[in-house]
Amino acid sequence: MTWLETMINDDESLRETTIASEMVFDGVLLRVRRDRVRLPDGREGVREWIDHPGAVLIVAQLEDGRIVFVRQFRYPVDRVLLELPAGRIDPGEEPEACARRELREETGYEARRWRRLGVIDACVGYANERIEIFLARDLTAFEARPDADEFIELAFLSHEKAEESARDGQITDSKTIAALFMALPQISA
């Protein structure tokens, strides 16, 4: 048995169980919950967390090897960020279908080849958001159709420049950084 299997077998000693749950806020994008939990030592605690429907992120690689990025203003951090295209999964929507839709809406590109790279839990301390990561290749350009409240500019970086920008703090979006490093073995080959 590996060290990880040993650790996983002991998860119950760390598990918290829900005693009561209340919806604090029910919004357009997310819901905020406040739960009373039983801690592993038997005491009670409070957990406030964001219930998110999940999202996708796309590493879209052009024929010349460059990666498609989007630049957009992000209100919570009050600045324009350089990110990989991403978006929320609609109710009943499959992750790959969402990835195809979001890539077309935000960038105008469609891809003939898709590969799922993995999943990340975005903000485990306060949210249940899971982001499915996809690699998209064999791109064809069409007209972008962002949502009415999205104002997006495209940017194109080589994988070397993208990696350098993540390492030196020019790219700070955590989902973008995680996806880049998940994709590097395939996009730099």
Side-chain angles (χ1 to χ4, degrees), residues 23-34 47-62 66-91 93 95-111 114 116-136 139 141-184 187:
M23 182 82 63
V24 177
F25 173 79
D26 190 2
V28 174
L29 172 65
L30 48 85
R31 296 179 298 208
V32 178
R33 304 195 67 88
R34 181 179 300 121
R47 299 291 182 252
E48 294 175 338
W49 59 283
I50 297 170
D51 186 15
H52 189 283
V56 298
L57 181 142
I58 306 100
V59 180
Q61 187 173 32
L62 297 168
R66 291 177 302 152
I67 308 301
V68 180
F69 284 82
V70 295
R71 293 182 67 244
Q72 60 186 324
F73 181 78
R74 291 301 197 169
Y75 186 84
V77 295
D78 194 32
R79 65 182 189 276
V80 174
L81 296 182
L82 185 62
E83 306 171 54
L84 290 169
R88 179 183 52 178
I89 299 172
D90 289 337
E93 187 176 34
E96 186 175 318
C98 179
R100 290 175 183 276
R101 175 179 55 77
E102 286 292 342
L103 182 64
R104 176 69 189 258
E105 285 176 6
E106 290 191 359
T107 71
Y109 284 99
E110 288 186 4
W114 288 87
R116 183 182 179 274
L117 296 178
V119 63
I120 60 171
D121 292 313
C123 304
V124 297
Y126 59 86
N128 67 350
E129 181 182 13
R130 292 179 62 84
I131 303 174
E132 298 277 344
I133 312 295
F134 290 91
L135 176 60
L139 304 181
F142 295 93
E143 184 179 342
R145 288 176 271 157
D147 292 337
D149 63 348
E150 287 183 308
F151 299 88
I152 295 172
E153 293 178 357
L154 297 184
F156 306 92
L157 278 69
S158 67
H159 69 83
E160 297 93 349
K161 185 63 178 169
E163 182 179 357
E164 176 187 320
S165 297
R167 291 186 187 281
D168 71 13
Q170 293 179 62
I171 295 175
T172 60
D173 174 55
S174 62
K175 70 185 181 311
T176 293
I177 293 169
L180 272 175
F181 285 93
M182 290 171 79
L184 272 176
I187 61 177

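Values below: all heavy atoms of this structure, side chains included; hydrogens, waters and symmetry mates excluded. In this chain, residues are counted from 1 in sequence order.
Glu102 has its side chain out of reach of Thr107: every pair of non-hydrogen atoms, C-beta onward, lies at least 4.5 Å apart. Residues Leu139 and Val68 meet the side-chain proximity criterion, which asks for heavy atoms closer than 4.5 Å. Counting heavy atoms from C-beta on, the side chains of Leu82 and Leu157 come closer than 4.5 Å. Residues Val59 and Met182 form no side-chain contact, since every pair of their non-hydrogen atoms from C-beta on lies 4.5 Å or further apart.
Closest approach of Ile89 to Pro53, counting heavy atoms only: O-CB, 3.8 Å. Residues Phe73 and Asp78 come closest through the heavy atom pair CZ-OD1, 3.4 Å. When all heavy atoms of Ile171 and Leu180 are compared, the pair lying nearest together is CD1-CD1, 4.3 Å. The two residues Leu62 and Phe156 make their nearest non-hydrogen contact at CD1-CD2, 3.5 Å. The shortest non-hydrogen separation linking His52 to Gly54 is ND1-N, 2.9 Å. Contact between Arg88 and Arg101 at its shortest, heavy atoms only, is O-NH2, 3.2 Å.
Among pairs with a residue in residues 144-157, those fulfilling side-chain hydrogen bond (donor to acceptor under 3.5 Å, both in side chains) read Arg71-Glu153, at least two apart in sequence or across chains. Listed by first and then second residue, the side-chain hydrogen bond (donor to acceptor under 3.5 Å, both in side chains) pairs that reach into residues 121-132 are Asp51-Asn128, Arg116-Glu132, Asp121-Arg130, sequence neighbours excluded. Sorted by first then second residue, the salt bridge (charged side-chain N to carboxylate O under 4.0 Å, His left out) pairs that include residues 167-183, not counting sequence neighbours, are Glu83-Lys175, Glu163-Arg167, Asp173-Lys175.
A side-chain contact (heavy atoms from CB on, under 4.5 Å) with Glu106 is found for exactly one of Ile58, Ile152, Leu154, namely Ile152.
A distance of 12.0 Å separates CZ in Phe69 from CG in Leu81, rounded to the nearest 0.5 Å. Atoms CZ and CZ, from Arg34 and Arg47 in turn, are 13.5 Å apart once rounded to the nearest 0.5 Å. Rounded to the nearest 0.5 angstrom, Ile120 CD1 and Ile133 CD1 are separated by 4.5 Å. Interatomic distance, CZ of Arg104 versus CD of Glu143, reported as 8.5 Å (0.5 Å rounding).
Arg79 and Thr172 are linked by a side-chain donor-acceptor pair at a separation below 3.5 angstrom, with hydrogens and angles left out of the test.
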